[in-house]
Amino acid sequence: QGDSNYNTASGSSSVTVTAAAKTTPTVTVSPSQSSISTGQSLSVTVTVAGSPTPTGLVILLAGTGSFDGSLVNGVTTITVPAVALSVGANSLYATYQGDSNYNVASGSSSVTVTASQVSCNSYSTTSQITGITQPIRLGFGNGELIASSLGQAYVVDPVSKSVTAVPFSAYSGGYGGRVSILNSQAFIPITNLNQGEVAVLNLSNNTISGYYQIGYEPYSSLIIGRQLYIGDTVQWNNGNPSEVYSVNPSSGQVSASINAGHIIQALAYDSTHNRVYALNYYDSTASAIDLTSNIVTATISLGVMPTAGVVANGTLFVVGDVPTTQQGKIVEVDTSSNAAGTTISIGRDPTDIVTVNGCAFVPNQSDYTVSVLDLTANTIVKTISSGIGQSPTGAVVDPSTGYVYIANQSSNSISILTSVPATTPTVTVTPSSLSITTAQGLTVTVAVSGGAGNPTPTGSVTLSGGGYTSSATT
């Protein structure tokens, strides 16, 4: 800046600043509980350790769901809803997205979901939802019940049972297929068009926000993490197989097309082995697709023409008719070996299978019934006919309540099945007198209470007093 002797003057040099090499932090995944019951949500804390403190985003894959969390002081806590978790072991896989100091890193844990103590035999039809025309398939998510139908879908509030119709305005001749839901969007394949449309239903305002062009006759859909999978039912004259498409649900862009069998009626996810089973109706097979490589690793002969399937307790349960008959069966496939084993007879033309509370439910379209399978005993414990409408075609569960919804296509209704919890009642014994003389008789009142909200217990009571035993039923 100069002084009394010198003018202002300047000089220069340079220095190169090199960004410090990024390091990889440690990611710890800590569920609030290692074991929960069906219907419970789960709190998962993800800690990303490093100095300086890592910042940025964490993505948690939990069961069949994907959830975001932003780090605060290196920690984020994410709530996983019950709908994302199925009975058995569920992986919890967190990926830290990195920042200017840290590389992408991951960590994992798991949670075991056990079936609530509910008797499968206690399920029955308790009410119905009407105001729906020809419901075909059902989905549940974002607190709402979605039904697909001819030319439209329906959004149902499960509490008030109010119904909102949402037309496929551009495709009124198409039939809605299996519904999948991610956050506030429902994805509904539309078949019978031969042009491959999947409707995107915005559940925030109950409108169709757009259509994705996927395949030719899409029918089945499945959300796994942040990815949408669509199964095609197209049958080519040249014998080419139907395909499973891996789709970005935000853009509709197809990232992989996987050859499976012919006429894919349903998709079932095996979280333990990270695979999808494509159920090939025409071939009476299941294609096991590894989701890491998007390659079919096994083709399983089922002995039935499969219409639906679900994975529970390490087993793929497939329903379908024996070829050339209407005899419905459940076929059990060991997911470790991909070998078909036990078969269980059910009703005619089974169309779907869902599980909750250690029970599986199968609507039998031609019998107007629902078969109830106890997954622990591995036996059919009940066949529900009362309250089931004509041509039951679809089923879905609300994991938070354990309610099962059945779509009755020809009756224009949805049946609601609920259960009675297997609780221990309170038994109160009240004698008519606390002191009597010899030769006197005694009246004893026994009250058995199931508690608030539960039905009145029935059956017999055995009373033992002194050397006397008596039974009574009321």
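Model, not experiment: these values are computed from the prediction.
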Does one side chain, of Thr315 or Asn313, offer a donor that lies under 3.5 Å from an acceptor on the other? no
CA sep, side-chain torsions, deciding dist, call: Ile263, Tyr219, side-chain contact (heavy atoms from CB on, under 4.5 Å): CA-CA 9 Å; Ile263 308 181; Tyr219 185 71; over 6 Å; no
For the side chain of Arg275 and the backbone of Thr335, is there at least one donor-acceptor N/O pair under 3.5 Å apart? yes
Between Ser242 (side chain) and Val234 (backbone), is there a donor-acceptor pair under 3.5 Å? yes
Interatomic distance, Leu138 atom CG to Asp352 atom CG [nearest 0.5 angstrom]: 8.0 Å
When you measure from the side chain of Ser184 to the backbone of Asn142, do you find a donor-acceptor pair of N or O atoms at a distance under 3.5 Å? no
Taking the ring centre of each residue, are Phe361 and Tyr123 less than 6.0 Å apart? yes
Would you say Glu144 and Ile181 make side-chain contact, with heavy atoms under 4.5 Å? no
Worked check of side-chain contact (heavy atoms from CB on, under 4.5 Å) between Thr133 and Leu150: CA-CA 8 Å; Thr133 302; Leu150 172 62; over 6 Å; no
Exceeds 12 heavy-atom contacts within 6.0 angstrom, atom CD of Gln326: yes
Using the side-chain contact (heavy atoms from CB on, under 4.5 Å) rule, take Thr125 and Ser386 through it: C-alpha gap first, then chi angles, then the decisive distance, then the call. CA-CA 7 Å; Thr125 306; Ser386 177; 5.6 Å; no
Quick check: does any side chain N or O of Gln213 sit under 3.5 Å from a backbone N or O of Gln195, one acting as donor and the other as acceptor? yes
Shortest non-hydrogen contact between Ile406 and Pro363, atoms and distance: CG2-CB, 4.3 Å
Is a side-chain N or O of Ser221 found less than 3.5 angstrom from the main chain of Arg178, in a donor-acceptor match? yes
Decide ring pair (Phe, Tyr, Trp, His ring centres under 6.0 Å) for Tyr269 and Tyr229; before the verdict, give the C-alpha distance in whole Å, the side-chain angles of both, and the deciding distance to 0.1 Å. CA-CA 10 Å; Tyr269 179 52; Tyr229 292 86; 8.2 Å; no
Heavy-atom closest pair (Ser345 atom, Ile380 atom, distance to 0.1 Å) is O-CG1, 4.2 Å
Asp367 side-chain N/O to Arg348 backbone N/O, donor-acceptor pair under 3.5 Å: yes
How long is the span from the OG atom in Ser66 to the CD1 atom in Ile224, to the nearest 0.5 Å? 12.0 Å
Any side-chain heavy-atom pair from Ile59 and Phe67 closer than 4.5 angstrom? no
Verify the distance criterion only: is there a donor paired with an acceptor across the side chains of Asp349 and Ser366 at less than 3.5 Å? yes
Give a yes or no on this: more than 12 heavy atoms of other residues, nucleotides or ligands lie within 6.0 Å of atom OH of Tyr281. no
Using a cut-off of 6.0 Å, state whether more than 12 heavy atoms not belonging to Tyr282 lie near its atom OH. no
Looking only at side-chain N and O atoms, does Gln227 offer a donor or acceptor that is under 3.5 Å from a partner on Ser246? yes
Is it true that a side-chain atom of Ser411 and a backbone atom of Ser413 form a donor plus acceptor pair closer than 3.5 Å? no
Does any N or O in the side chain of Thr369 come within less than 3.5 Å of the main-chain N or O of Ile388, such that one atom is a donor and the other an acceptor? no
If we count only N and O atoms by modelled type, under 3.5 Å, do the side chains of Asn90 and Ser271 hold a donor and an acceptor together? no
Main-chain N/O of Gly177 paired with Ser148 side-chain donor or acceptor, under 3.5 Å: yes
If you apply the rule side-chain contact (heavy atoms from CB on, under 4.5 Å), what do you find for Ser371 with Asn364, and how did you get there? CA-CA 7 Å; Ser371 298; Asn364 303 301; 2.9 Å; yes
Pick one: which of Thr343, Asn378, Val362 meets side chain to side chain contact (heavy atoms under 4.5 Å, CB included) with Ile330? Val362
So how far is it from His273 NE2 to Leu291 CG, rounded to the nearest 0.5 Å? 12.5 Å
Would you say that Tyr212 contacts Ile230 through its side chain, given a criterion of any heavy-atom pair below 4.5 Å between the two side chains? no
Above 12 or not: heavy atoms from other molecules or residues under 6.0 Å from CZ of Phe140? yes
Angle class for the Tyr216/Trp236 ring planes (parallel below 30°, perpendicular above 60°, tilted otherwise)? perpendicular
If we only count heavy atoms from C-beta on, is the Asn194 to Glu217 side-chain gap below 4.5 Å? yes
pair Ile208-Phe168: side-chain heavy atoms closer than 4.5 Å: yes
What I'd like to find out is whether the side chain of Ser149 reaches to under 4.5 Å of the side chain of Tyr154, using heavy atoms alone. yes
So does Ile129 get a backbone contact from the side chain of Lys161, meaning a donor-acceptor N/O pair under 3.5 Å? no
Passing option when Ser287 is tested against Thr299, Asn280, Thr297, Asn259 for side-chain hydrogen bond (donor to acceptor under 3.5 Å, both in side chains): Asn280
Would a 4.5 Å heavy-atom cut-off, applied to side chains only, mark Leu85 and Val80 as touching? yes
Taking all non-hydrogen atoms of both residues, which atom of Val29 and which atom of Ser108 are closest, and how far apart? CG2-N, 3.8 Å
Should Thr272 and Val311 count as side-chain neighbours, where that means a heavy-atom distance under 4.5 Å? no
